[in-house]
Amino acid sequence: MEHDMSDYSEVLVTEEQIATRLDEMAAQIRADYEGKDLLLVGVLKGAVMVMADLARRMPTNVQMDWMAVSSYGSGTVSSGVVRILKDLDTDLTDRHVLIVEDIIDSGVTLSWLLGNLRTRGAASVEIATLLRKPDALRVEVPVRYVGFDMPTKFLVGYGLDFAEDYRTLPFIAALKPEVYGDR
Ligand code: IMP
Ligand code: MG
């Protein structure tokens, strides 16, 4: 598949680097949850790629469920106010839960989600994220598994979008500032 390179300046994480890192993260997760049932909770839509690739590295007693949440506001800045657009189908009582995220930027969304899921009687709730922007952390979030620490740039690809485009790129790239302007 040919991709038009004109909107993004540089590929920051290649397909191969993502696959290698997911191998390592999956090995760690399998070891940590050995002998336990695990529920992976993906956050739509950004986490679909990382969820699909991580889940395929898991044993068959690992299940998947999905949530959709929205920070109020649009464009490239999180507002801090979160609402549930689609809730889980699964009862979390006594479950080991691992939230699977594409990226932690400010941490606002995940911090809220963690608090929300922890009220549901789970045995444990942890977080795995492929990407993290450490400079942008406004909220302290305890993240158990991190793929890559990234620079503070607007990233697209591998599930990450800008206005719903670019999710289908198989790698992570930085979007050129002139594409998103001051949104
Ligand atoms: P946070 O609440 O600021 O941590 O970010 C919440 C959500 O914003 C993430 O789960 C992404 O869906 C989205 N997001 C944050 N940074 C980026 C980015 O660089 N590119 C695309 N989406 C992003
Ligand atoms: Mg997300």
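Read the numbers this way: they start at 1 and go in the same order the structure lists the ligands and their atoms. Here the structure is a predicted model, which means the values were calculated and not measured. In what follows, residues are counted from 1 in the order of the sequence shown.
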Leu175 to ligand 1, any heavy atom closer than 4.0 Å: no

Set of residues satisfying side-chain contact (heavy atoms from CB on, under 4.5 Å) with respect to Arg118, sequence neighbours excluded: Leu114, Val125

Taking only non-hydrogen atoms of Thr109 and a 4.0 Å limit, the atoms of ligand 1 in range are 1 (P), 2 (O), 5 (O), 6 (C)

Need the ligand 1 atom indices (1-based, order shown) with element for anything under 4.0 Å from a heavy-atom of Glu101. 10 (O)

Kindly compute the distance separating OG (Ser124) from CG (Leu92), expressed to the nearest 0.5 Å. 10.5 Å

With heavy-atom distances below 4.5 Å as the criterion, would you say the side chains of Asp105 and Phe154 are in contact? no

Selection from Arg132, Lys45, Lys133 by shortest heavy-atom distance to atom 19 (O) of ligand 1: Lys133

Checking contacts here: is it the side chain or the backbone of Lys153 that comes within 4.0 Å of ligand 1, counting heavy atoms only? Could be both or neither. backbone

Show me which atoms of ligand 1 lie under 4.0 Å from any heavy atom of Asp161. 21 (C)

Per-atom filter on ligand 1: closer than 4.0 angstrom to a heavy atom of Ser106 are 1 (P), 2 (O), 3 (O), 4 (O)

Which option out of Gly159, Ser70, Gly107, Gly46 puts a heavy atom nearest to atom 4 (O) of ligand 1? Gly107

Regarding ligand 1, does Leu155 bring an N or O atom to under 3.5 Å of one of the ligand's N or O atoms? yes

Is the closest heavy-atom distance from Ile103 to ligand 1 below 4.0 Å? yes

How long is the gap from CD1 on Ile104 to CD1 on Ile127, to the nearest 0.5 Å? 5.5 Å

Answer with side chain, backbone, both or neither: which part of Asp102 has a heavy atom less than 4.0 angstrom from an atom of ligand 1? side chain

Applying salt bridge (charged side-chain N to carboxylate O under 4.0 Å, His left out), can you list everything that pairs with Asp149, at least two apart in sequence or on another chain? Arg132

Please report the shortest heavy-atom distance between Gly46 and Asp102, naming the atom on each side. CA-OD2, 3.1 Å

Does one side chain, of Gln28 or Arg144, offer a donor that lies under 3.5 Å from an acceptor on the other? no

Could you tell me which atoms of ligand 1, counted from 1 in the order shown, lie closer than 4.0 angstrom to a heavy atom of Asp105? 1 (P), 3 (O), 4 (O), 5 (O), 15 (C), 16 (N)

Spacing of CG belonging to Leu40 relative to CE belonging to Met58, to within rounding of 0.5 Å: 6.5 Å

